Amino acid sequence: VFPEAGGGAGLNLGKEKVKAFVESFGGRVTGSMSGKTDILLVGKEPGMSKVSKARAQPGKTAMVALHDIVSHVVTGSLHLLSPGEAPQMVIDNFSGGYAGRGGVG
């Protein structure tokens, strides 16, 4: 979730605005991680499954916070967020996930 972006509620908090932002710069937004994922945009309390998949692909998928994406767009240095270049992200809390999925989100 991205409370700093506003809009939406619950597990969709801010996601539509962030999706529109990324797409406005030519990015492609999907709801799942795959071997083709270059950047995982990490919000507040991300899903353990997606983070685990990104961590299993070191040098392939960069995990980046929304404020990092925005600042790199403003400074024209988005290329520095490529896998292998982005700083290691520390995540303190994970989402409980959607009800009925055993906490995996």
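Here the structure is a predicted model, which means the values were calculated and not measured.
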Under the ring pair (Phe, Tyr, Trp, His ring centres under 6.0 Å) rule, collect the residues that match up with F21, sequence neighbours excluded. F25

List in chain and number order the residues that pass side chain to side chain contact (heavy atoms under 4.5 Å, CB included) with S34, two or more places apart in sequence or in another chain; answer none if no residue qualifies. K36, T37

Listed by chain and number, what are the side chain to side chain contact (heavy atoms under 4.5 Å, CB included) partners of P3, not counting sequence neighbours? V1, L13, K44

In terms of heavy-atom contacts, G14 and A5 come closest through O-CB, 3.9 Å

L41 and F2: which non-hydrogen atoms are nearest, and at how many Å? O-CZ, 3.8 Å

Could you tell me whether a side-chain N or O of K50 sits under 3.5 Å from a main-chain N or O of V42, the two making a donor and an acceptor? no

Are any non-hydrogen side-chain atoms of L40 and Q57 less than 4.5 angstrom apart? no

[X] [atom1] to [Y] [atom2] distance, which is reported to the nearest 0.5 Å:
X   : Y   : atom1 : atom2 : result
E45 : I91 : CD    : CD1   : 11.5 Å
M48 : K53 : CE    : NZ    : 13.5 Å
M33 : M63 : CE    : CE    : 9.0 Å

Listing, residues 65-76 side-chain donor-acceptor contacts under 3.5 Å, not counting sequence neighbours, or none:
residue : atom : partner : partner atom : Å
S71     : OG   : H67     : O            : 3.2
S71     : OG   : D68     : O            : 3.1
H72     : ND1  : D68     : O            : 2.8
T75     : OG1  : S71     : O            : 3.0
T75     : OG1  : S77     : OG           : 2.7

Can you name the residues that form a salt bridge (charged side-chain N to carboxylate O under 4.0 Å, His left out) with K60, not counting sequence neighbours? D38

